[in-house]
Undergrad: 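Below is a structure I'd like to ask you about.
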Amino acid sequence: MADVVRRTAGLQGQSWRGLAYAVRARSTATTWSDVSIAQEQDRSVVRGWFMRGTLQLVATEDAGRLLGLFGPKFIKATERRYGELGLSADTRAKAAELIESHLLENGPTNRATIGDLLLGARLVPEPTGQAVYALIRHAGLLGLICYGPGHDADETWVAVRDWLGQPLTLDPDGAAEELARRYLTAYGPATAKDFATWAGLPVPSARTAVKAVAKAEVIVEGESFAMIDDLPGCEDLRLLGEFDPYLLGYQDRRYALDDEHRKLIHPGGGMLRPAVVRAGRVIGSWKHRGPEVDLFATPADLTHHATPAGGGIAGDLADHANPAGGGIAGDLADHAAPAGRGAAGDLADHANPADLADELEDLTRFRG
């Protein structure tokens, strides 16, 4: 499991469920519990604030250099918001020390308890406001804390030096180049602007890093795309979870998602819905309840709603209707590039019923 995260340079972790689906989309024989075990027991992966200053799951050995690269940058970028929340540099420093000390003494702690702790120290005006999360994130960007046991509503935070057995070494030396190498391996061919968008780096820094590690380039529509290797595209059908990094990996999603369908997957407000992808192109969306699959365009033998409850391939799917399920077979980590780039080739615009049935069966198996 950790190798999947390592090879992709990190996976978006805005929601734990979406994170688990992202791991499953890029691995084989992975279960829901495997993701929890890697984070909470093996501790071979760490969930915290890294690329773009957002929540990510990264390999434990990468956490220090990534925070060395991104921590100071995103602390500076958040200064205005800190000011709006009344969080001075002195307040932030005191809060970070207080939170870490509490976690070292008490272990995994939830947001409500941390809010009460900060309120008691008169560092925030209320225990449930946005200032509490801002101070937790600030301590995370300093490398002092990370996410511990629990998912979503039950999530907790822990002190890094207790959870991992030692403090992180925040050394950014060579971090941008190594990150670019892994990014191009997982997402290439891609442009320097793609890398800058995905990582949250300035374009000049991203361009320098990409130039240092790229081994080849291809020209698409007059634009240069860098890559590490010319790998074959993935032809399979995948059900990607919410906030999947495949759709967050590029400045322009047009190679993967047609403009006419963009709002169905990316409606705005920071949301990115679960997507059905075949051979690198988004061909529909899906919902966890049912599960229900909505295809943008279907052949005659499929109904618009490919659900176990009726129509089209209902008979094939009836045994796989685990509403809590999720996950997808195969391995996208070796070539996560959108259709139309490099070796992606000509792609079909619809899903084979048997492929879709297999995916829904994997949903049940993944959940265990």
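What you see is a predicted model; the values in this text were computed from it and never measured. Each residue takes its place number in the sequence, starting with 1.
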Undergrad: Can you tell me how far apart CE (Met1) and CZ (Arg6) are? Round to the nearest 0.5 Å.
TA: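 Here the rounded value is 10.0 Å.
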Undergrad: Could you tell me whether the side chain of Thr156 and the main chain of Gly150 form a donor-acceptor pair under 3.5 Å?
TA: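 Such a contact is absent between Thr156 side chain and Gly150 backbone.
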Undergrad: Within the 3.5 Å criterion, strictly below it, is a donor on Thr78 or Arg137 matched to an acceptor on the partner's side chain?
TA: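 There is such a pair (donor and acceptor under 3.5 Å, judged by atom type) between the side chains of Thr78 and Arg137.
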Undergrad: For Glu100, what residues pass the side-chain contact (heavy atoms from CB on, under 4.5 Å) criterion, not counting sequence neighbours?
TA: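 side-chain contact (heavy atoms from CB on, under 4.5 Å) list for Glu100, sorted by chain: Leu104, Leu144, Ala159, Arg161.
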Undergrad: Decide yes or no on salt bridge (Lys or Arg N to Asp or Glu O under 4.0 Å) for Arg92 and Glu79, but give the supporting numbers first.
TA: CA-CA 11 Å; Arg92 300 196 306 270; Glu79 287 288 352; 3.2 Å; yes
Undergrad: Could you check whether Arg278 pairs with Glu359 (Lys NZ or Arg NE/NH1/NH2 to Asp/Glu carboxylate O, under 4.0 Å)?
TA: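 Not counted as a salt bridge, because no side-chain N and carboxylate O are separated by less than 4.0 Å.
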Undergrad: Mind checking ring pair (Phe, Tyr, Trp, His ring centres under 6.0 Å) for His151 and listing every partner two or more places apart, or none if nothing turns up?
TA: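 His151 satisfies ring pair (Phe, Tyr, Trp, His ring centres under 6.0 Å) with Trp16 only.
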Undergrad: Does a salt bridge link Arg181 with Glu177, judged by any charged N lying under 4.0 Å from a carboxylate O?
TA: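 So Arg181 does not pair with Glu177 through a salt bridge.
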Undergrad: Under the side-chain contact (heavy atoms from CB on, under 4.5 Å) test, which residues partner Thr197, sequence neighbours left out?
TA: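 Residues passing side-chain contact (heavy atoms from CB on, under 4.5 Å) with Thr197: Gln251.
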Undergrad: Less than 4.0 angstrom from a charged side-chain N to a carboxylate O is my criterion; do Asp90 and Lys94 meet it?
TA: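 Looking at Asp90 and Lys94, the cut-off is met.
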Undergrad: Could you work out, with side-chain contact (heavy atoms from CB on, under 4.5 Å) as the rule, every residue matching Ala121, not counting sequence neighbours?
TA: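 So Ala121 forms a side-chain contact (heavy atoms from CB on, under 4.5 Å) with Leu98, Leu123.
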Undergrad: Can you hop from Leu19 to Ile37 via hydrophobic side chains spaced under 4.5 Å?
TA: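 Different clusters: Leu19 never reaches Ile37 through Ile, Leu, Val, Met, Phe, Trp or Tyr contacts under 4.5 Å.
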Undergrad: Determine, for Arg17 against Glu242, whether the closest basic-nitrogen to carboxylate-oxygen distance falls under 4.0 angstrom.
TA: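 Yes, this pair counts.
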Undergrad: What class does the angle between the rings of Tyr250 and Tyr246 fall in, given that below 30° is parallel, 30 to 60° is tilted and above 60° is perpendicular?
TA: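 Perpendicular, since the angle between the ring planes exceeds 60°.
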Undergrad: Does Trp49 have its ring centroid less than 6.0 Å away from the ring centroid of Tyr147?
TA: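 Judged by ring-centre distance (under 6.0 Å), Trp49 and Tyr147 do meet the cut-off.
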Undergrad: Is Asp62 paired with Arg182 through a side-chain N to carboxylate O contact shorter than 4.0 Å?
TA: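 Looking at Asp62 together with Arg182, the answer is yes, because their closest N to O distance falls below 4.0 Å.
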Undergrad: Verify the distance criterion only: is there a donor paired with an acceptor across the side chains of Ser88 and Thr91 at less than 3.5 Å?
TA: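 Indeed, the side chains of Ser88 and Thr91 share at least one donor-acceptor pair under 3.5 Å.
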Undergrad: Can you establish whether the number of heavy atoms outside Glu223 located under 6.0 Å from its atom CD is more than 12?
TA: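 Yes, the 6.0 Å shell around CD holds more than 12 heavy atoms from other groups.
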Undergrad: For Trp198, is there any backbone N or O sitting under 3.5 Å from a side-chain donor or acceptor partner on Arg52?
TA: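 Answer holds: yes.
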Undergrad: Residues two or more places apart in sequence or in another chain: which of them pass side-chain contact (heavy atoms from CB on, under 4.5 Å) with Ser101?
TA: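 Here the qualifying residues are Glu97.
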Undergrad: Less than 6.0 angstrom separating the ring centers of Tyr21 and Trp286, yes or no?
TA: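 Ring-ring flag for Tyr21/Trp286: true, centres closer than 6.0 Å.
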Undergrad: For the atom pair CZ (Arg80) and CG (Leu85), what is the distance rounded to the nearest 0.5 Å?
TA: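 Rounded to the nearest 0.5 Å, the CZ-CG separation comes out at 12.0 Å.
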Undergrad: Assess whether side chain to side chain donor-acceptor pair (under 3.5 Å) is satisfied between Thr113 and Asp116, documenting all intermediate values.
TA: CA-CA 5 Å; Thr113 301; Asp116 289 338; 5.6 Å; no
Undergrad: Quick one: sort the Trp157 and Tyr133 rings into parallel, tilted or perpendicular, breaks at 30° and 60°.
TA: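 Perpendicular.
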Undergrad: Parallel, tilted or perpendicular: which fits the ring planes of His138 and Tyr82, with parallel below 30° and perpendicular above 60°?
TA: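 Aromatic pair His138/Tyr82 classed perpendicular.
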Undergrad: Sub-3.5 Å donor-acceptor pair from the side chain of Arg365 to the main-chain atoms of Glu361, do we have one?
TA: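 No; zero donor-acceptor contacts below 3.5 Å.
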Undergrad: Could you label the plane-to-plane angle of the Trp32 and Phe366 rings as parallel, tilted or perpendicular, counting under 30° as parallel and over 60° as perpendicular?
TA: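 It falls in the perpendicular class, over 60°.
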Undergrad: Using a 3.5 Å distance criterion without hydrogens, assess whether the side chain of Thr109 forms a donor-acceptor pair with backbone atoms of Asn106.
TA: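 No; judged by distance alone, with no hydrogens or angles, the pair does not exist.
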Undergrad: Assess whether a salt bridge exists between Arg238 and Asp355, defined as any Lys/Arg side-chain N lying under 4.0 Å from an Asp/Glu carboxylate O.
TA: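 No, no charged N to carboxylate O under 4.0 Å.
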Undergrad: Who are the ring pair (Phe, Tyr, Trp, His ring centres under 6.0 Å) partners of Phe195, not counting sequence neighbours?
TA: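 If we apply the ring pair (Phe, Tyr, Trp, His ring centres under 6.0 Å) test to Phe195, skipping adjacent residues, the hits are Tyr183.
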Undergrad: Is Lys211 paired with Glu217 through a side-chain N to carboxylate O contact shorter than 4.0 Å?
TA: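 Result for this pair is no, no salt bridge flagged.
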